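Naming: A, B, ... by sequence-line order, numbering from 1 per chain. From a predicted model like this one, the values you see are computed outputs, not experimental measurements.
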Amino acid sequence: MQYAVELGGEPFNLEYTLESGQVFRWENKGEWWYGPVDGGVLKVKQDRDLLYCESSSDGLDASYVRRLFRLDEDLKGIIGTFMKGKVMTNAVQRFYGLRLIRQERWECLASFVLATNSNIPSIRRMVANTCEKFGEPLLYEGLRYRRFPSAEKIAEAPLESLAECGLGYRAPFLKRVAEAIHEGRLELSELALLDYPEAKELLLKKLLGSKLLLGVGPKVADCFLLFSCDKDEAFPIDVWVARALAHYYPRLFGETTAKRLASKSTRSLSGSLYDSISSKARSHFGKYAGYAQQYLFMLARINGLA
DNA sequence: GTCCAACCTGTATC
DNA sequence: AGATACAGGTTGG
């Protein structure tokens, strides 16, 4: 089906949004973006205040697109809650219209489990290989796409086949998470009902602590909660965000913490350091800290912080 | 509790 | 060419 979505003055930049490392399956062909989402293929092109859309199925309609890109939210208002200081002002101006995407939960969690200690091209490859091997095929415009494989499919996949997707040591992580879901020990939609601290504690203390999950540390948990559970205060800290904080916001933290952050910002953060930094960042940037994080992430990358 | 080496794999750099 | 470093962290000791 074909349709258009009017932004009605809401700031939105499709390119920034899709290239901000939140999603790993969208592809750019000419002026169109193709996204295998929710059992179909969605095709989007932006012309200023208008989004031209085409999709393979009726479910992928205008309201789906609004929901996916969170277009009914007042981005200006949201930005206003965290845009204090020169750095954030610059970041927001530079990437104006960048929005959080509301992803499917299982795909989001699985993708970020695969993202650990990796880079974007590599993550895209791992996800693509996994979909190619385990996802259901679907045809659109004469080309074959793949759905993201179900948790059941991954749970039942032999570890060796998963490893063939180039997942490396992440293969058992992914399988374990899939098993937890498939066996009904982990219900992502229920997790999404909890508020942020509860959901995160459940993921990390209960589920990870009991080894029911593997490969879901604080960063992966935050990505999952922010990108697929509407936990806008979640503040994922990867190396880029750590560098941005160390570089631009050293005074946000106590001297000891700032030093540890500066020295560690090229490597991974320990659990306690992660907690203290992300809680400081959350109280500084407020209830939409997750949006702020996304702008900071982009800024750090464009400036090649290291 | 906290620290840190090891980890799959592909690519860049020397 | 072969070695080394590093990438959107997490694990296990």
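- Between L214(A) and F24(A), the residue anchored closer to the 5' end of DNA chain C is F24(A), taking for each the nucleotide with the nearest heavy atom.
- Comparing atom distances between the S272(A) side chain and each of dT10(C), dG9(C), dT2(B) picks out dT2(B) as nearest.
- Remark: E141(A) engages K43(A) in a salt bridge, criterion side-chain N to carboxylate O under 4.0 Å.
- L208(A) comes within contact range of the sugar-phosphate backbone alone, with a heavy-atom separation under 4.0 Å but no base atom that close.
- As rounded to the nearest Å, dT10(C) and dT11(B) have C1' atoms that lie 22 Å from one another.
- Within the 4.0 angstrom heavy-atom criterion, no nucleotide atom of any strand lies near L273(A).
- A close approach under 4.0 Å does occur between a side-chain nitrogen or oxygen of K211(A) and OP1 or OP2 of dG12(C).
- Both cation-pi conditions hold for K29(A) and Y34(A): the charged atom is under 6.0 angstrom from the six-membered ring centre and inside a 45 degree cone around its axis.
- Straight-line distance between the P atoms of dA5(C) and dA5(B): roughly 13 Å, to the nearest whole Å.
- For an aromatic pair to be called close, the ring centres must be under 6.0 Å apart, and F24(A) with F112(A) satisfies this.
- Separation of atoms OH (Y249(A)) and CG (L261(A)) is listed at 13.0 Å; rounding is to 0.5 Å.
- Under a cutoff of 6.0 Å and an axis angle of 45°, K153(A) and F134(A) do not form a cation-pi pair.
- A salt bridge links E10(A) to R99(A): one of the charged nitrogens lies within less than 4.0 Å of a carboxylate oxygen.
- Under the 4.5 Å side-chain heavy-atom criterion for ILVMFWY residues, a single connected hydrophobic cluster contains both M83(A) and F297(A).
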Using a cut-off of 4.0 Å between protein heavy atoms and nucleotide atoms, how would you tag nucleotides 4-14 of chain B 5' to 3' with B, S and -? S--BBSSS---

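- Spacing between dA6(B) and dT4(C) at atom P, rounded to whole Å, works out to 13 Å.
- Atom name P, nucleotides dG10(B) and dT11(C): the rounded distance is 23 Å, in whole Å.
- Heavy atoms of P236(A) sit nowhere under 4.0 angstrom from any nucleic acid atom.
- When each of L213(A) and R301(A) is assigned the nucleotide of DNA chain C bearing its nearest heavy atom, the one mapping closer to the 5' terminus is R301(A).
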Give the C-alpha distance, both sets of side-chain angles, the deciding distance and a yes or no for salt bridge (Lys or Arg N to Asp or Glu O under 4.0 Å) between D232(A) and K287(A). CA-CA 6 Å; D232(A) 300 335; K287(A) 61 188 285 206; over 6 Å; no

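- Among the protein residues, V241(A) comes within range of no part of the nucleic acid, since none of its heavy atoms lies under 4.0 Å from any strand.
- Going from the P atom of dG1(B) to that of dG9(C) covers 25 Å, rounded to whole Å.
- Residue contacts for S111(A): at a heavy-atom cut-off of 4.0 Å it reaches no nucleic acid atom on any strand shown.
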Output the pairing pattern of DNA chain B as a dot-bracket string, 5' first, Watson-Crick or G-U wobble with both distances under 3.5 Å, | for cross-strand pairs, [ ] for crossing pairs. ..|||||.||||||

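- The two residues R144(A) and P137(A) make their nearest non-hydrogen contact at CD-CB, 4.0 Å.
- Residues A221(A) and L203(A) approach most closely at CB-CD1, 3.9 Å, considering heavy atoms.
- Between dC3(B) and R260(A), a contact under 4.0 Å exists linking OP1 or OP2 to a side-chain N or O.
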